[in-house]
Amino acid sequence: MRQYELVERVKSYDPSADEEALNRAYVFAMKMHIAQVRESGDPYFSHPLSVAEILTQYHLDTATIIAALLHDTIEDTAASYADLKELFSADVANLVKGVTKLSKVQIHSEETKQAENFQKLVLATSTDIRVLLIKLADRLHNMRTLHFCKKPEKRYRIAKETMEIYVPLAERIGMQALKDEMEDWSFQILYPEAHKSIQSRLHFLSEQGKQDVETVINELKNDLEEHNLSANISGREKRPYSIWRKMQKKNISFEQVCDVMAFRIIVDSTASCYQTLGIIHTKYPMIPGRYKDYISTPKPNGYRSIHTGVIGPLNRRIEVQIRTKDMHAVAEYGVAAHWEYKEGVHKEGKQYRWLRDLLDLMNHSSSPNEFLEHTKIAMYQDQVFCFSPKGDLITLPRGAGPIDFAYAVHSRVGDTCVGVKINGKIKPLRTVLENGDQVEIMTNKNQTPSPEWEHLAVTAKAKACIRRFIRAQQYEKNLILGKDYFNNAAKEYCISWNEKELQPLLDQYKQNSVNDFLAAIGAGLIPFKDVFNQLHPDCIPSGFKRAISLFKKSKSDTLLDKKMPVTGLISGIALKFGKCCHPVPGDAIVGIVTTGKDVTIHTQDCPTLTQYQDESERWLDVDWNMSVVQDKVLPVKIKIVLEDRPSSLTELTNIIAKHNVPLTNLNTQSRSNGFSDIIIEVEVKNNNELDVLLQALRSYKHIATVHRMKA
Ligand code: MN
């Protein structure tokens, strides 16, 4: 096709087309592709030109035709989005950019069940319906020339992709002719043997049956003319792929499929369609189950026609489609052809009407705004489609991140997720995924879900899995805690105990199992003392309480040891500092009698204390003996969330050193989102010194959070 022919073609259906811009696009695309050759040996420019030509059949607007000419320039030549925007228009540049983006959608997976997701991905990526139309025309031309491709596996992949993604999309928007052609090209490559055999038998049959077809057409014509109906009747060529599919689907032979001759009757009006149907049904016996009225109930893609099957002339089974010219045009070219017959003349602005019809079909959005506004596809904008490294497509709600992706793959993958690579690069777990992202979840079998993930996750599945895990983990902790209560009590009262003795109490406490019971006690939902008293009523007034009273400071106590680090205790008992809260001088503290001989000092806000809340007899009022402790140092644990930077750890240790505080331990737990959890242990003289250090750490800009650990 020559330059002037293309322009003429566009002008024939759109007299207002921008001739100058079309010419400029033609020349520009030819120049940009000048050095490139197709596998067929043709100059590369023959491809975009053919794509533009295909689209003129659908009477598309100038911007689409120009974009078709330019559709490979961003991807394959030096031209950029900015160039196209400057030389043509933002509209054209956006269309080309859209097609370029779409070209990255490729099926790598063998999973056929993914096809529907891919179709959605294509629709979601298209955003403008014209992008999809250019892509379909592009694909059609590539299919026509696919036999030139030298790599068999590439040929196969492209044919499969066409069959699974583009054929259904073309069908969905009613582009029957385009769909049929793509389907047969794909069939030929995917099943070469079947195609060859069906093709040659079809050829034989049509040679042999020519006479019969003529006879039937003439008879039917006569039948209609008797009723003053003029019609255009033709024999319908069967397509190899549709025969093959019928053979597969109904498990029947080639002969059985082709035994039925197919005809198409085109009449003037809808009324004539029904009249024709009446004439045929009156004269010939109808084959039950073959009658379908797509005129009164059109297919979702706009297809309208009457189908019926009868035992017709020559006693042959025939299949008949009855429709008007208008309906026929829609059946072949989709809604594209629709308006042309309806409107008769091209009034300004009507060019896009079919696009609007098409979009109505697709999104049911029909606010009467600007035409081009309407070329936006609003489908699947609430979803995001991402690939696994194997090429599987995972559909997630918009806003989803790697955690959601991981759980969508498998809950085990989610539970052990430590990091993510998106399009080959390590990214934070809080990254929001985008259409077409390739997502690789990194796992470590020792990893467990972090409670923070619950805030990152968007999908119900991920949230549920994280919660379930946290609950299970909590349950384990509570179970151990519950057992500890009994073990400690047993030790203190010198009795032996067995989990089984809880069994008889299950009903009373509405528990399903001994473990549930112990976990409920551990969680503090059931007071330990109640259960213990019920099981061992004798133990209550034991020597335990008396032993405790011995430790308690009485007002008249003169035995107070001046050398004890805390006041309020008598001498001679073993004093420990809680490993949980690491109290330091200056902290408000409390003493807890742990065994018969020890007292442990906790800070008054230590979370561990909750487990003693029902046992007031074990709590001792104590305070720091400052004269004893002022020269001593005590350990403290601090948790820091530090940004991952090459020098940040060094700077952190510098801050600590500057404060003259000995650093005794440093533990890094790397996280994947650009931050690390660091736990340090330092030794301080008192909580003043500690506060100064914490303040200094907090003011360092690459530290996200700092807190003293108390559990
Ligand atoms: Mn192309």
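The analysis underlying the following values was restricted to heavy atoms, covering all of them including side chains, and did not include hydrogens, waters or symmetry mates. For ligands, and for the atoms within them, numbers begin at 1 and follow the listed sequence.
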**Asked** Taking the six-membered ring for Trp, are His47 and His71 ring centroids under 6.0 Å apart?
**Response** yes
**Message:** On the six-membered ring of Phe254, is Arg201 placed so that its NZ or CZ lies under 6.0 angstrom from the centre and within 45° of the ring axis?
**Reply:** yes
**Asked** Is Asp83 reaching over with its side chain to a backbone N or O of Ser80, donor-acceptor style, under 3.5 angstrom?
**Response** yes
**Prompt:** Taking the Mn ion (ligand 1) as the center, what protein N, O or S atoms are found at less than 2.8 Å?
**Reply:** His47 NE2, His71 NE2, Asp72 OD2, Asp138 OD1
**Asked** Are Thr145 and Arg38 linked by a side-chain donor-acceptor pair shorter than 3.5 Å?
**Response** yes
**Request:** Examine the side chains of Tyr241 and Asp180 and answer whether a donor and an acceptor come within less than 3.5 Å of each other.
**Result:** no
**Request:** Begin with the C-alpha distance, continue with both residues' side-chain angles, and end with the deciding distance and a verdict on side chain to side chain donor-acceptor pair (under 3.5 Å) for Gln256 and Ser253.
**Result:** CA-CA 5 Å; Gln256 281 169 297; Ser253 69; 3.2 Å; yes
